[in-house]
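Quick one: the structure is below, questions incoming.
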2 protein chains.
Amino acid sequence: MQRERDNMASSIAELIAERLDAMPAGERRAAQTLIANYPLIGLKTVADFSQQAGVSSPTILRFVARLGFHNYPEFQSALQDELAAQLQSPASRTLAPAASGGGKASPMLEATLDNLRETFRHVSDRQLTDIATKLSDRRGHMFLIGGRFTDPLARYMAAHMAIIRPNVFHLSGQESIWRDRLIDMGKHDVLLIFDIRRYQESLVRFAEKAHQRGVQIVLITDQWLSPIARFARHVIAGRTAMPSAWDSSASLFVIAETLIDAATRQLDTEGTRRIREMEELR
Amino acid sequence: MQRERDNMASSIAELIAERLDAMPAGERRAAQTLIANYPLIGLKTVADFSQQAGVSSPTILRFVARLGFHNYPEFQSALQDELAAQLQSPASRTLAPAASGGGKASPMLEATLDNLRETFRHVSDRQLTDIATKLSDRRGHMFLIGGRFTDPLARYMAAHMAIIRPNVFHLSGQESIWRDRLIDMGKHDVLLIFDIRRYQESLVRFAEKAHQRGVQIVLITDQWLSPIARFARHVIAGRTAMPSAWDSSASLFVIAETLIDAATRQLDTEGTRRIREMEELR
DNA sequence: GAGGCGCCGTATCATATGTTACGTATTTTG
DNA sequence: CAAAATACGTAACATATGATACGGCGCCTC
């Protein structure tokens, strides 16, 4: 069982990452599908593997040959050995392979996970339900808007909400454009705002005017609370601090997805009917 | 793939434990060896299995037949499925639920955390570094685009990248608009694409044409890999499965933030100088 | 633009692998 | 204790599976 790769790579995944650059297109595709479904796809037959990767069988074999294995079964044995080691020491799987450096996983990931846990610790189910109910109210209109970095979150949420209910509008473009839409907003409508520091003056002004017209405001902000909180009916504060030059909006993003899910469940039959109907229109 | 065991046993290990008593001596040895080396010995060949158990091949086959499988490959598939389920949700192994206050946390949150951990388990530091290097190359242009639901992610990333380096363009609007921009793209440029299922034809076509022009493509997709992977120089696959009507893009979002951070670090002094400069302009 | 090189897929081949038939050994039962 | 039934292994068989030879195609070089 001698291998001709005297390499330092401890896992096959690392070995692949190292040599990924030196690979031709087809084999790289094989490598990528293996990584994406690691390692189980490698335990199936060559035919299965090749089909999943969208290349031919010989390409798969050339791929494993390039990794230094003499034949396919030897490659599979190596994968199994690796799996066996993982399964036997459950502790190792937490720190597992990815990080080649100090052994600890990406600090970015860790910080994000912490932020998510901390964010949801402060959000009650009741709160989510209430907001979802408001967002599911098809009688009024729903408007979404965000700040410099968070506007994409508003877009993301709008794209989903527009599918499960009518009258969803994302406010984009020049400030003057959405300011003019205030004329159409009333007490039956809901305005969902994403705003993290540094809070934009224009958004605050907009929120205040909408509030004066009786619009129900849902604010998703950071833990320091945008001044818009003053006018908001519901406020959710996500954690955004990171060991980075930037703040993270990941927790806001997950909140958005959670609200989308909750609203979808509330609309239930009505919502899924719209989804089906819309799919047929495509 | 219907099995004739209408049994309630959820895992094959349980199934074996149930029927262990009713088995003849040889098959019992087979069963015990399988349990002792669960489940890897079952993924090897019948010959390996039989030798390890000290019985003959037919005994192994009779054993799996008794478990209700029609043939050996079907048995192996079942084992692999089980293994896949285990590997995909690392948290589910710890059967101990939420230590804090009796209440169970949001399943949405749990699924998201799992997805994130699993995503980063398949992404190497090396890969992130390589991509960040490419994104930090100020000589060429950087283009970003996304699909129906992922375009906001492209926008989010573009908003940040545009601050730390010049010539960042988010491709939005009509297909014809960004298709025309192909004319400006060359081998020094990089195109970052977000694409999750169901994959859009228009994006694939666009990626192919860009690839033909020598543009370096970075693809951020789901674990089933967009067909664009065929043309991509770098591929990162995030987990998107959720206990919801929708897939989640949260892992893709965090990947985006990680790349932003990595690129920022690489540009370092140059990047922070631009940030300061830009702040002064506001 | 012509020639050379490397990559990749089709088709074919060799064989490892699962499957089955059958005879012997072992246990069970009257 | 005898006879039947079940269990188990040996050996032959069929086929799924990995390996290879070959030709076309695109890409780079000169």
Side-chain angles (χ1 to χ4, degrees), chain A residues 1 4 19-34 39-80, chain B residues 1 3-4 19-34 40-80 186-188 207-217 227 229-233:
Chain A
M1 178 113 358
E4 283 184 357
R19 309 202 176 174
L20 199 63
D21 300 322
M23 290 186 189
E27 298 180 29
R28 192 153 53 216
R29 192 169 159 79
Q32 283 154 353
T33 37
L34 175 58
L40 284 180
I41 188 69
L43 296 180
K44 297 186 185 292
T45 68
V46 175
D48 288 343
F49 191 170
S50 67
Q51 189 174 1
Q52 178 94 9
V55 297
S56 68
S57 307
T59 299
I60 299 296
L61 296 178
R62 282 187 284 262
F63 163 64
V64 302
R66 191 181 299 269
L67 291 181
F69 299 98
H70 296 72
N71 50 35
Y72 194 71
E74 183 181 315
F75 162 70
Q76 288 189 317
S77 292
L79 281 181
Q80 290 192 352
Chain B
M1 181 145 313
R3 295 166 197 160
E4 284 184 355
R19 308 200 178 177
L20 197 64
D21 301 324
M23 288 185 188
E27 300 180 26
R28 192 174 311 165
R29 288 188 63 177
Q32 284 159 349
T33 353
L34 176 57
L40 285 181
I41 189 67
L43 296 180
K44 296 185 185 293
T45 67
V46 175
D48 288 343
F49 192 170
S50 66
Q51 189 174 1
Q52 180 93 8
V55 297
S56 68
S57 306
T59 300
I60 299 297
L61 296 179
R62 282 188 283 263
F63 163 64
V64 302
R66 191 182 298 269
L67 291 181
F69 298 98
H70 296 73
N71 49 34
Y72 195 70
E74 183 181 313
F75 164 70
Q76 288 188 317
S77 292
L79 281 180
Q80 289 195 353
K187 61 187 61 170
H188 292 302
E208 180 170 13
K209 287 184 183 130
H211 173 66
Q212 285 168 356
R213 296 187 62 87
V215 178
Q216 303 251 20
I217 295 181
R230 180 178 219 81
F231 315 114
R233 182 75 179 70

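Naming convention: chains lettered A, B, ... in sequence-line order (proteins, then strands); numbering from 1 in each chain.
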How are the rings of A:F69 and A:F75 set to each other: parallel, tilted or perpendicular (split at 30° and 60°)?
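A:F69 vs A:F75 ring planes: perpendicular.
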Could you check whether any side-chain heavy atom of B:Y72 comes within less than 4.5 Å of a side-chain heavy atom of B:T45, counting everything from C-beta outward?
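B:Y72 vs B:T45: side chains apart.
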In whole Å, what is the span from the CG atom of A:L61 to the C1' atom of D:dT20?
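From A:L61 CG to D:dT20 C1': 10 Å.
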Are B:L34 and B:F63 side-chain neighbours, meaning at least one heavy-atom pair lies under 4.5 Å?
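B:L34 vs B:F63: side chains touch.
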Whichever of A:V64 and B:H211 has its nearest DNA chain D nucleotide further upstream toward 5'
A:V64
For atom CZ of B:R62 and atom C1' of C:dA21, their distance in whole Å:
11 Å
Report the distance from atom CG of B:D48 to atom C1' of C:dG18, rounded to the nearest whole Å.
13 Å
Quick one: do B:R233 and A:R28 satisfy side chain to side chain contact (heavy atoms under 4.5 Å, CB included)? Show the steps, please.
CA-CA 9 Å; B:R233 182 75 179 70; A:R28 192 153 53 216; 3.6 Å; yes
Proximity to the side chain of A:A25 - top-ranked nucleotide from C:dC8, C:dG9, C:dA21
C:dC8
From CD of B:Q212 over to C1' of D:dC27, roughly how many Å is that when rounded to an integer?
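About 13 Å, once rounded to whole Å.
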State, with a plain yes or no, whether a side-chain heavy atom of A:V64 is found less than 4.5 Å away from one of A:E27.
no
Between D:dT15 (P) and B:N71 (CG): distance, integer Å:
14 Å
Would you mind telling me which of D:dG18, D:dT20, D:dG9 lies closest to the side-chain atoms of A:T45?
D:dG18
Using atom CD1 of A:I60 as one end and atom C1' of C:dG9 as the other, report the distance to the nearest whole Å.
13 Å
Looking for any heavy atom pair under 4.0 Å, which part of the strands does A:P24 touch: base, sugar-phosphate only, or nothing?
sugar-phosphate
Assuming nearest nucleotide by heavy-atom distance, tell me which of B:P73 and B:S57 is located more 5' along DNA chain D.
B:S57
Would you mind reading off the distance between A:Q51 atom CD and C:dT10 atom P, rounded to a whole angstrom?
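Spelled out: CD on A:Q51 to P on C:dT10 is 13 Å.
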Report which part of the nucleic acid A:T59 touches: base, sugar-phosphate, or nothing (heavy-atom distance under 4.0 Å, all strands).
sugar-phosphate
Interatomic distance where NE2 belongs to A:H70 and C1' belongs to D:dG18 [whole Å]
16 Å
